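To start, the structure itself, in structure tokens.
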Amino acid sequence: MQSLRDALEDRMRAALAAVVGPEGRELDPLIRPTQDARFGDYQSNVALSLAKRLGEKPRDTAARLVAALALDDLTDPPEVSGPGFINFRFRPAFLAAQLAAIQADPRLGLAPVAEPQRVVVDFSSPNLAKEMHVGHVRSTIIGDCIARLLEHFGHTVLRLNHVGDWGTQFGMLIQHVRELQPHVLEDPEQLHIDDLEAFYVEAKRRFDSDPEFAVRARRAVVDLQSGDPMALEVWRAFCRESLRHCHEIYERLGVRLEDRGESFYNPYLPELVAELRARELAVDHDGAVCFFVEGWTNREGKPLPLMVQKSDGGYNYDTTDLAGIRHRTGVERAARIIYVTDIRQHQHFEMVFAGARKAGWAPPSVSLEHVGFGMILGVDGRPFRTRDGGTIKLKELLDEAIERAAARVAELREKDPERRPDTSPEADANIARIVGLGAVKYADLSHNVTSDYRFDWNTMLALEGNTAPYMLYAYARIRSIRRRAHPGNAGILPAPAQHVPGVDSPEIHSWELPPDLPILLEHPSEVALAKQLLHFVPTLRQVAVELRPHLLTDYLYGLSRAYSTFYDRERGVRIVDAEPESVRLSRLRLCDLTARTLKLGLELLGIGVLEQM
RNA sequence: GCCCUCGUAGCUCAGUGGAUAGAGCACCGGCCUCCGGAGCCGGGUGCGGAGGUUCGAUUCCUCUCGAGGGCGCCA
């Protein structure tokens, strides 16, 4: 379906062609949303720039454009205002017709793309040598959201967990276990994640403080690379146990991921380096093999290379990431590869992208994108840590989120026991789970990805403001109107949502309303809500291009606010008891569309909804 | 030294080459006999600084100040 803005752009291009000749069609009509409702819904700024070219006054140009505009019944007659802006205001009947087109569509107006792309989203990617911690939460949540969104557009998305399952940290672990925990070698299958974490902490400490241990650990990496059976057995046990732990967390978060760690690319590395050398793209340098890509320098101002092979013969992440791109373009046929990592790795990815381009492994048709996110800070503005400065384990963070949400639910129940007399401890536990996990996800996704943000339990669990509890409550309240409006169906409503947030999105069921129901937009709050509903699809399109999920949270919050005004007893309208019946049904339809939009929007964020709270 | 990400209201954060830069929290005042108030309306200060490009800059460019980060054998 064409967006409102696209419709205006088309009309304006036609008018431009009429005024300046055929080349007018190529001009950008400069259609922008207005900042103030007094100026209508959209404005065109094209007259201001065009007037200079034509050597006339902007207002005169604007007037000529207005005269040439054929808007039919899309908008009221456009007005020229200020120095030469042209203001457009949509007519309610046109908005109603647009809404009618989406109300029968389970996808709410977003048709699947005609030509699906193969897209790789590389996200989460923890280091398998230790437990997942708070540092992995952003990549996991943002990556999942991006994947969901692109899947919803109909693209074929490969969700890759590029786990750190190789390299120095495993040499450290293996050597540590050999020396101090030999019992593990006897029965590696007994290994537990807690042991792994403890081993890592201890091995890391020794590695950093004992140079001789560091040498032995590096030698252990060589054992691993050369296929030493004992080393491999321990390594496999470490990875298996660590991945089991990761997937417990993914399951809880409703995140689907395919594990394909660094070691997957091991077989490709020697040939990759050999090819670069043969093509003279890489050269020997201080015993290492370096691939120089223009544009980066080190501290001394000398060219900074991608180091594709270390002087000890090993490989590092430059090599595996290059191999990853080659595999993803060559074997997976990806048209778009998206990396979701800490923003500190931005330069690394820029270099790898440049290297892949130079080597021809990423042709211009393939898009390489790094979504770099900022840090999570504590309420004090310093890196988010435990009280004693330790790392916050992801599992414990999620436990706390659910516990805190449960406490909030208990508080509300105590304060107003009459509100939900029908609830049960099990239902409340489910509410706490959805609200708690949703709060963590929403807090993350509602911030600009590149920014650092403060992790504040009180803010993210508040029922007011741009938070998950607010959005979930908004949804639940609309659903309660449905129950009120259709008492006959009260007993056959689906049970409260039990699904893992959005992994298998349940179909969004419309209310039992006639499919061809006319929508009547008369009250200002109805018109405002209608416009907001029609912005959903353009918002999704923008997020899919720019990969900025907070645009979606902002949109959903705006939708809730528009609904809130629509529903307000003073500024809004009556709904359940509205008369006549045609008006009542039209308003119920607006409620229905709002609920469906909220539900779909939240599910694209990876957040499940609740029918009752 | 070079490079990257930033700098917006008391606080937490949005935002745009266009008109008077927004929202939440907090604070003050007002409204409605309330479909499950997540109510609604009104009230204040702000684009770190200086130049430049432009009809127009908070947005783009340069410089500068400040914060954080990256800069060959960790990832």
Side-chain angles (χ1 to χ4, degrees), chain A residues 30 32-36 38-39 43 45 48-49 51-52 58 81-85 87 125 127 162 164 166-169 207 262 285-290 295-312 314-318 320-321 341-348 350-351 372 374-375 379 381 383 416 418-420 446-448 450-454 456 458-459 462-467 469-481 483-485 550-551 553-554 557-558 560-561 563-565 567-572 574-578 591 612-613:
Chain A
L30 295 177
R32 300 283 183 271
T34 59
Q35 223 154 28
D36 190 320
R38 281 183 331 200
F39 302 129
Q43 64 190 52
N45 305 328
L48 290 118
S49 55
K52 181 152 175 141
S81 69
F85 301 111
N87 298 142
S125 308
N127 180 345
H162 189 76
W166 202 252
T168 317
Q169 70 269 24
F207 187 85
E262 291 168 350
H285 213 268
D286 296 339
V289 182
C290 293
W296 287 274
T297 55
N298 64 14
R299 279 195 187 83
E300 288 80 45
K302 305 231 177 88
L304 182 69
L306 290 161
M307 182 173 293
V308 292
Q309 189 163 20
K310 299 188 290 183
S311 53
D312 67 0
Y315 306 97
N316 63 21
Y317 74 151
D318 287 336
T320 47
D321 281 339
T341 79
D342 193 312
I343 200 160
R344 283 178 299 193
Q345 293 185 45
H346 192 72
Q347 177 177 313
H348 162 69
E350 288 299 312
M351 288 183 71
M375 274 194 301
V379 275
D416 190 358
E418 298 306 309
R419 179 163 286 186
R420 286 292 316 282
S446 61
H447 288 95
N448 209 326
T450 56
S451 313
D452 298 343
Y453 76 93
R454 288 180 195 230
D456 183 342
N458 291 332
T459 306
L463 212 43
E464 298 84 32
N466 190 10
T467 67
Y470 175 92
M471 302 302 307
L472 292 170
Y473 196 31
Y475 178 80
R477 285 211 44 205
I478 302 174
R479 298 297 282 173
S480 88
I481 289 182
R483 287 187 290 274
R484 169 76 63 138
H550 84 274
L551 298 172
T553 61
D554 276 5
Y557 185 54
S560 290
R561 290 169 60 80
Y563 179 82
S564 190
T565 303
Y567 178 86
D568 187 68
R569 44 183 181 248
E570 195 176 350
R571 301 276 304 191
R574 301 300 303 176
I575 297 172
V576 172
D577 52 5
C591 291
Q612 290 180 280
M613 274 178 80

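Chain letters run A, B, ... following the sequence lines, proteins first and then strands; every chain starts at 1. All values reported here derive from a predicted model rather than from experimental measurement.
Taking only side-chain atoms of A/Gln345, from C-beta outward, the nucleotide of B/rG72, B/rG39, B/rA75 with the closest atom is B/rA75. Here the nucleotide nearest the side chain of A/Met307, chosen from B/rC3, B/rG72, B/rG36, is B/rG72. Among the nucleotides B/rC73, B/rC32, B/rU12, the one closest to the side chain of A/Arg454 is B/rU12.
In a base pair of the Watson-Crick type (N1 to N3 plus N6-O4 or O6-N4) or a G-U wobble (N1-O2 and O6-N3), with each distance short of 3.5 Å, B/rU45 is matched with no nucleotide. Across all strands shown, nothing is found opposite B/rG56 as a Watson-Crick or G-U wobble partner with both distances under 3.5 Å. Across all strands shown, B/rC74 forms no Watson-Crick or G-U wobble pair with both distances under 3.5 Å. Remark: B/rG66 base-pairs with B/rC6. Criterion, Watson-Crick or G-U wobble with two distances under 3.5 Å. Across every strand in view, B/rG51 sits in a pair with B/rC61 that passes the Watson-Crick or G-U test at under 3.5 angstrom. Taking a pair to require two hydrogen-bonding distances under 3.5 Å in either a Watson-Crick or a G-U wobble arrangement, B/rA26 remains unpaired.
Checking the phosphate oxygens (OP1, OP2) of B/rC40, a side-chain nitrogen or oxygen of A/Ser564 falls inside 4.0 Å. For A/Arg344 and B/rA75, the shortest distance from a side-chain N or O to OP1 or OP2 is not below 4.0 Å. At the phosphate of B/rC6, OP1 or OP2 sits under 4.0 Å from a side-chain N or O atom of A/Thr450. In this model, the phosphate group of B/rC74 is approached by a side-chain N or O of A/Lys310 to a distance below 4.0 Å at OP1 or OP2. Neither OP1 nor OP2 of B/rC3 sits under 4.0 Å from any side-chain N or O of A/His346.
Among the heavy atoms of the strands lying under 4.0 Å from A/Ser311 is at least one base atom, whether or not backbone atoms are also near. Note on A/Ser446: nothing from the nucleic acid sits closer than 4.0 angstrom, heavy atoms only. Among the heavy atoms of the strands lying under 4.0 Å from A/Arg571 are primed sugar atoms or P, OP1, OP2 only; no base atom is included. Across all strands, A/Ile343 comes closer than 4.0 Å only to sugar-phosphate atoms, never to a base (heavy-atom distances). Across all strands shown, A/His348 has no heavy atoms under 4.0 Å from either base or sugar-phosphate atoms. Using a 4.0 Å heavy-atom distance criterion, A/Met613 is classed as a base contact. Residue contacts for A/Ala476: at a heavy-atom cut-off of 4.0 Å it reaches a base atom on one of the strands shown. Using a 4.0 Å heavy-atom criterion, one finds that A/Asn298 contacts the bases of the nucleic acid, with or without backbone contacts as well.
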Identify all pairs in which a protein N or O lies below 3.5 Å from an N or O of nucleotides 19-23 of chain B, and state each distance.
unit_1, atom_1, unit_2, atom_2, d
B/rA19, OP2, A/Gln35, OE1, 2.4
B/rA19, N7, A/Gln43, OE1, 3.1
B/rA19, N6, A/Gln43, OE1, 3.2
B/rA19, N6, A/Asn87, ND2, 2.6
B/rA19, N1, A/Ser81, OG, 2.5
B/rU20, O4, A/Arg38, NH1, 2.4
B/rU20, O4, A/Arg38, NH2, 2.8
B/rA23, O3', A/Arg561, NH1, 3.4
B/rA23, O3', A/Arg561, NH2, 3.4

Check nucleotides 33-35 of chain B for protein N or O atoms closer than 3.5 Å to its own N or O atoms and list the pairs.
unit_1, atom_1, unit_2, atom_2, d
B/rC34, O4', A/Arg569, NE, 3.2
B/rC34, O4', A/Arg569, NH1, 2.8
B/rC34, O2', A/Arg569, NH1, 2.8
B/rC35, O3', A/Arg484, NH2, 3.2
B/rC35, O2, A/Val576, N, 2.9
B/rC35, N3, A/Ile575, N, 3.2
B/rC35, N4, A/Tyr567, O, 3.1
B/rC35, N4, A/Val573, O, 2.6

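Aromatic ring orientation, A/His348 versus A/Tyr317: parallel (interplanar angle below 30°, classes split at 30° and 60°).
The C1' atoms of B/rG49 and B/rC41 are separated by 38 Å, rounded to the nearest whole Å. For B/rG44 and B/rG29, the P atoms lie 16 Å apart once the distance is rounded to whole Å. Nucleotides B/rU59 and B/rA21 place their P atoms 15 Å apart, quoted to the nearest Å.
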Give the C-alpha distance, both sets of side-chain angles, the deciding distance and a yes or no for salt bridge (charged side-chain N to carboxylate O under 4.0 Å, His left out) between A/Asp36 and A/Arg38.
-> CA-CA 5 Å; A/Asp36 190 320; A/Arg38 281 183 331 200; 3.8 Å; yes
Please assess A/Ile481 against A/Tyr567 for the test side chain to side chain contact (heavy atoms under 4.5 Å, CB included), listing each intermediate value before the final yes or no.
-> CA-CA 11 Å; A/Ile481 289 182; A/Tyr567 178 86; 3.2 Å; yes
Where do A/Ser81 and A/Asn87 land on the side-chain hydrogen bond (donor to acceptor under 3.5 Å, both in side chains) test, with the steps shown first?
-> CA-CA 7 Å; A/Ser81 69; A/Asn87 298 142; 2.7 Å; yes
Do A/Lys310 and A/Tyr315 pass the side chain to side chain contact (heavy atoms under 4.5 Å, CB included) test, and can you show the C-alpha distance, the side-chain angles, and the key distance before you say yes or no?
-> CA-CA 6 Å; A/Lys310 299 188 290 183; A/Tyr315 306 97; over 6 Å; no
Assess whether salt bridge (charged side-chain N to carboxylate O under 4.0 Å, His left out) is satisfied between A/Asp416 and A/Arg419, documenting all intermediate values.
-> CA-CA 6 Å; A/Asp416 190 358; A/Arg419 179 163 286 186; 3.5 Å; yes
Could you go through the side chain to side chain contact (heavy atoms under 4.5 Å, CB included) check for A/Phe207 and A/Thr168 one step at a time?
-> CA-CA 10 Å; A/Phe207 187 85; A/Thr168 317; 3.7 Å; yes
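Computed from coordinates, the A/Asn448 CG to B/rU8 P distance equals 13 Å when rounded to whole Å. Look at CZ on A/Arg483: it is 9 Å from C1' on B/rG36, rounded to the nearest Å. Note: NZ (A/Lys52) to P (B/rG56) measures 8 Å, nearest angstrom. Atom CD in A/Glu350 sits roughly 15 Å away from atom C1' in B/rG69 (whole-Å rounding). Rounded to whole Å, atom P of B/rA75 lies 10 Å from atom NE2 of A/His162. With rounding to whole Å, A/Arg299 atom CZ is found 12 Å from B/rG69 atom C1'.
In this structure, CD in A/Glu262 is found 7.5 Å from CG in A/Asp321, a value given to the nearest 0.5 Å. One finds the SG atom of A/Cys290 at 4.5 Å from the CE atom of A/Met307 (value rounded to the nearest 0.5 Å). How far OG1 of A/Thr565 is from CZ of A/Arg571: 7.0 Å, rounded to the nearest 0.5 Å. Rounded to the nearest 0.5 Å, atoms CZ (A/Arg477) and CE (A/Met613) are 11.5 Å apart.
Base orientation at B/rG72 is syn, since its O4'-C1' glycosidic dihedral falls within 90° of 0.
Applying the 5.5 angstrom centroid cut-off and the 30 degree plane-angle cut-off, the aromatic ring of A/Tyr317 is stacked upon the base of B/rA75.
With hydrogens and angles left out, the side chain of A/Ser451 and the base of B/rC6 share no donor-acceptor pair within 3.5 Å.
Between A/Asp456 and A/Arg454 there is no salt bridge, since none of the side-chain N atoms of the basic residue sits less than 4.0 Å from a carboxylate O of the acidic one.
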